[in-house]
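Here is how names work: the chains are called A, B, and so on, in the same order as the sequence lines, proteins then strands, and each is numbered from 1. From a predicted model like this one, the values you see are computed outputs, not experimental measurements.
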Amino acid sequence: MKAGKKKAKPESRRGATRAPVGLFFTLGEVARAVGGSPIGDPGLRLTGVEALERAAAGDLSWVADSRQARRARESGAGALLVASEENAAGKPAVVVANPTLALAVWLAVVSSPTPPRPGVSKRANVHQTARLARGVSIAAGATVEAGARIGARTVLRPGAYVGRGAEIGEDCVLHVNAAVLERCRVGARCTLYPGAVVGSDGFGYVWDGSAHRKIPQRGIVRVEEDVAIGANTTIDRATLGETVIGRGTKIDNLVQVGHNVIVGENSLLCGQAGISGSARLGTRVTLAGQAGIGDHASIEDGAVVTGQGGVVSRGVVAAGSVVSGMPAAPHREFLKRSAWLARLPELARRLEELEKLLARASKGG
Amino acid sequence: MKAGKKKAKPESRRGATRAPVGLFFTLGEVARAVGGSPIGDPGLRLTGVEALERAAAGDLSWVADSRQARRARESGAGALLVASEENAAGKPAVVVANPTLALAVWLAVVSSPTPPRPGVSKRANVHQTARLARGVSIAAGATVEAGARIGARTVLRPGAYVGRGAEIGEDCVLHVNAAVLERCRVGARCTLYPGAVVGSDGFGYVWDGSAHRKIPQRGIVRVEEDVAIGANTTIDRATLGETVIGRGTKIDNLVQVGHNVIVGENSLLCGQAGISGSARLGTRVTLAGQAGIGDHASIEDGAVVTGQGGVVSRGVVAAGSVVSGMPAAPHREFLKRSAWLARLPELARRLEELEKLLARASKGG
Amino acid sequence: MKAGKKKAKPESRRGATRAPVGLFFTLGEVARAVGGSPIGDPGLRLTGVEALERAAAGDLSWVADSRQARRARESGAGALLVASEENAAGKPAVVVANPTLALAVWLAVVSSPTPPRPGVSKRANVHQTARLARGVSIAAGATVEAGARIGARTVLRPGAYVGRGAEIGEDCVLHVNAAVLERCRVGARCTLYPGAVVGSDGFGYVWDGSAHRKIPQRGIVRVEEDVAIGANTTIDRATLGETVIGRGTKIDNLVQVGHNVIVGENSLLCGQAGISGSARLGTRVTLAGQAGIGDHASIEDGAVVTGQGGVVSRGVVAAGSVVSGMPAAPHREFLKRSAWLARLPELARRLEELEKLLARASKGG
């Protein structure tokens, strides 16, 4: 960063990520930050980061994989993050093992948003028995109920809510209207996006002969460290005991996690996926968009349920497997069946022809 | 409850439901409360309620059905709620017709959360023309608009919203950021979980040749008594007239109910189910997770649509039937088809063999 | 409007749309407003608008198409909007090309809700550097962050949120708890329904060998003019660049739009539809309820994905086509396959019979 002593934190304008006027960074700085090798002049000055289609001469861009090589050639980008010199298409570049990872690293350097100033707004509603560690930032309209604890440097945006006796770790962000209900626990470095709800009651009722009687939901949700919970996603508290979201797991928007579910570490739950009560997910499981998991099902380590896939109640998806369809089947099977399903009208016609042929043959015979 | 005059309301700690130190309850007290017969010493002291896997010597647990008998034997629980003496595995127990119902009853006795103190926060926004019955509790940041009515003992948590002219019955709870929009009506003893939205506009547009013209949505939502509406669930107001949620119906999280839908009494709508406009559901209907109902469809009394099942527009699901798949078919049919679908590649191969055989035969002949 | 000088804006009561006592409108006024021809006495006085089933002698109703002719005959409505004289069933009526459009026009005349009074509540949280155009209405508990701009006559309801540097156009409504996050832009005449979230982070992570590393999401969402965004719907900001919702597009509740998605003009996204990252939708595309679009897929102009339909990653749906099922196929194909799928057990049995027959024949031979 060459322009004066101010650290260059380029503000994005209209969706671009650009350095303020007069600020720039060099190809060499990028190479050092991401641990890569520069191709071309390390002193090359760049002012922004952009996708291939939108990048101009002052922009750094990235080539995720070789399939993008053509788009890289056609791009107006001034320099590229690439996995191999061939992908650079003759442009100045930084060669790294994983260009997408390098992009993540560099964007964090160049564009981390300024955290809000520490302090508790006079218009926040913080109960006198709540315990706030140093450096917390609690906005107007946020609420912290009796006995709750908020870890150091954690940020509550307007309308965020921490219920009675709940605990939030250090360096968390609860975005607008995100809620952690009573007694639930959230580990360090978690992000709850707007409208996320942690600890609403599980859907537990029992028919008593004339009405659905509520089974009080007295457990909690325990969210481990480094978890992200997407906008308007809902995670229900356990009937008794805990619903658990394992360390490092990332959850997208509008996902439903039922009561008593256990999600392992470093799993990915994509948008609108749903997990019924008491299901278990291992580590590094992936649920693609709109996938549905039945109650008491088990999705073992590293398994993937593809988009709209459905695993039935008490179903088991073996470690490392990829399943698709409803009811879910191994993905290759699913593709084969889908292909044959498309040919089913033809198969039926062929069957009918054989029947006619044999009928004629038997008459003829 | 033996410990002094304080009524034992054990606070849950870390997801367990335990009596405060020094408090306990006895097997005999449990038996009386749930209307069951004790096996073993009625004076046996217990201090908590826990699931079988987590229960220790001081805990009461429950055996939902005989399939759990092995887990009951292996459990460390001090006593059990069971349907028959065999399920007690030799432990002290209370025999009742429905152990899950007994659990619901006992948890309500032992762990009902303290309601917030009545009163209106100075930081609540209550219009001067709103009418509040006695005993209401309205938190900081909650809003009650002009002409709205709030029934006795009803609780509005932070960020809860009651629109102009809306009516909320007695003993309701509107959790954090739950909203009931203008003129909608909610009956007694309803619970709206965080972020639930009752009375947003129905999705009604008509193409006018150059744009989607909005059809003003001037009806309401009428929610009858004893209804639960899950976190971030949305129920749209009717174009004209009413969208209706019948008495005793329980709705899970992230469910969508379109405009002019009528849901009968005591139905269950599980997580992420969706109901398109003008569909009708009878009494005691169950929609499992992610089920979808097309517009103007009719799901008759007692019918079940299983997970991810889809009923087409104007489709009819007969009373008492169970349907699955998309388009939905009777569940047994669905299972049969799914099984044959899995064998479809094999069927195709067999068909081809027959064709070859006959081709050879006809050449040979 | 005959009753005095007050313009008749009938308040709806209990889900009906009725004129206040003493006010009425005439059949002739309706005909003029909607550009139709009256059948019967243009002076006929009416006091409300209702659906066919609920309409009484004082009510105007409408007959959307000929399929409703029987219900029109049986209706108690005093007058009807119809497409042809036959559909009027002998009642007074107004004949128009599109009765549903006429209904939309007339409801807007007769029942447009009173907008809130302009002004900024003392209990709103508006940063001193925010710029508010004239006529804005900002409710208690709403927040406008630093550098944000709010266009003329735009309304922020309680709990609504506009982030740092965001821009909202003229004549918009942000309903309760709707949020537009930092730097996002919303065009004129847009409505965000309760709990809608525009500009939450895209779901972008890259595995770094031991954890899912976040790819900072530094782009924005740009919402063009005349867009509606349903309750609790979520639209993610782009990694870099823009997620775009085209002019005139209407989005229902609980819809998920991933990062870098481009939605064209005048499209319709129905409840619980989901669009994965970098997908592109053309103009006048329809996604029916619970439809799912894979990442980088392309849905061309005028295409329709029916309810629960699933388009795979990088899939293409041709302009004007209608697709169904998962993986999505042309709708007619889908229907044919579904019909044959229902007969699959029968086909399998017939195949087996042929095999037996040939086995016997070959033995016999």
Side-chain angles (χ1 to χ4, degrees), chain A residues 11-17 49-51 53-54 98 100-101 103-105 107-108 111-113 121 123 139-141 157-159 175-177 191 193-195 226 228 230-232 248 250 252-254 266 268 270-272 289-290 307-308 325-326 338 341-342 344-345 347-348 351 354-355 358, chain C residues 123 125 141 143 159 161 177 179 181-183 185 195 197 200-201 203-208 211-216 218-220 222 232 234 236 238-242 254 256 258 260 272 274 276 290 292 294 308 310 312-313 326-327 329 333 336-337 340-341 343-344 347 350-351 354 357-358:
Chain A
E11 274 291 302
S12 283
R13 286 195 308 276
R14 307 236 148 149
T17 300
V49 185
E50 260 300 355
E53 296 81 358
R54 294 168 55 104
N98 184 340
T100 305
L101 179 55
L103 173 76
V105 169
L107 279 177
S111 73
S112 61
S121 165
R123 287 181 165 190
R157 311 289 290 151
H175 281 279
V176 180
N177 299 327
T191 303
Y193 287 99
D226 297 301
N232 288 343
K250 311 299 182 187
D252 199 353
N253 301 342
L254 293 171
N266 291 320
L268 294 175
C270 297
Q272 298 177 319
Q290 299 182 333
Q308 298 188 327
M326 166 61 198
S338 298
L341 185 59
L344 192 50
L347 293 180
L351 178 62
L354 284 190
E355 287 170 332
L358 283 169
Chain C
R123 289 181 163 188
N125 301 296
T143 300
Y161 178 85
N177 299 324
L181 303 190
E182 66 267 26
R183 293 182 294 113
R185 295 193 295 153
V197 176
S200 193
D201 278 0
F203 195 63
Y205 297 92
V206 54
W207 185 250
D208 73 2
H212 295 293
R213 174 85 66 119
K214 181 173 177 66
I215 303 172
R218 300 302 299 156
I220 66 165
R222 181 163 56 83
N232 289 340
T234 57
D236 281 352
T239 307
L240 298 167
E242 301 177 339
L254 294 170
Q256 154 70 0
N260 297 81
Q272 298 176 321
S276 302
Q290 299 183 334
Q308 298 188 328
V312 297
S313 292
M326 166 61 199
E333 284 297 312
K336 233 189 271 179
R337 287 175 205 178
W340 281 113
L341 185 59
R343 293 179 59 184
L344 191 51
L347 294 179
R350 283 161 53 192
L351 179 62
L354 284 190
L357 197 67
L358 283 169

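Looking at Gln272(A), its side chain does come within 3.5 Å of a backbone N or O of Gln272(C) through a donor-acceptor pair. Between the side chain of Asn232(C) and the main chain of Asn232(A), no donor-acceptor pair closer than 3.5 Å is present. No donor-acceptor pair closer than 3.5 Å links the side chain of His212(C) to the backbone N or O of Gly248(A).
Contact of Ala342(A) with chain C is made through backbone and side chain together, with heavy-atom distances under 4.5 Å.
Arg54(A) has its side chain within reach of Glu242(C): a pair of non-hydrogen atoms, C-beta onward, lies under 4.5 Å apart. By the 4.5 Å heavy-atom criterion applied to side chains, Asn253(A) and Val197(C) are not counted as neighbours. When side chains are defined from C-beta on, Trp207(C) does not count as touching Asn98(A), because their heavy atoms never get closer than 4.5 Å. Side-chain contact between Leu268(A) and Phe203(C) is present, with heavy atoms from C-beta onward closer than 4.5 Å.
Chain C forms more heavy-atom pairs under 4.5 Å with one residue of Ser121(A), Gly141(A), Pro158(A) than with any other, namely Pro158(A). The greatest number of non-hydrogen atom pairs below 4.5 Å with chain A, out of Ser276(C), Gly294(C), Gly204(C), Gly310(C), is found for Gly310(C). In terms of non-hydrogen atom pairs under 4.5 Å with chain C, the most contact-rich of Thr191(A), Asn177(A), Leu103(A) is Asn177(A). Of the listed residues (Leu347(C), Leu344(C), Asn260(C), Val312(C)), the one with the most heavy-atom contacts under 4.5 Å to chain A is Leu347(C).
Among Leu354(C), Leu351(C), Leu357(C), the one residue that satisfies the side chain to side chain contact (heavy atoms under 4.5 Å, CB included) test with Leu354(A) is Leu354(C).
Residue Thr100(A) holds its OG1 atom at 12.5 Å from CG of Asp208(C), rounded to the nearest 0.5 Å.
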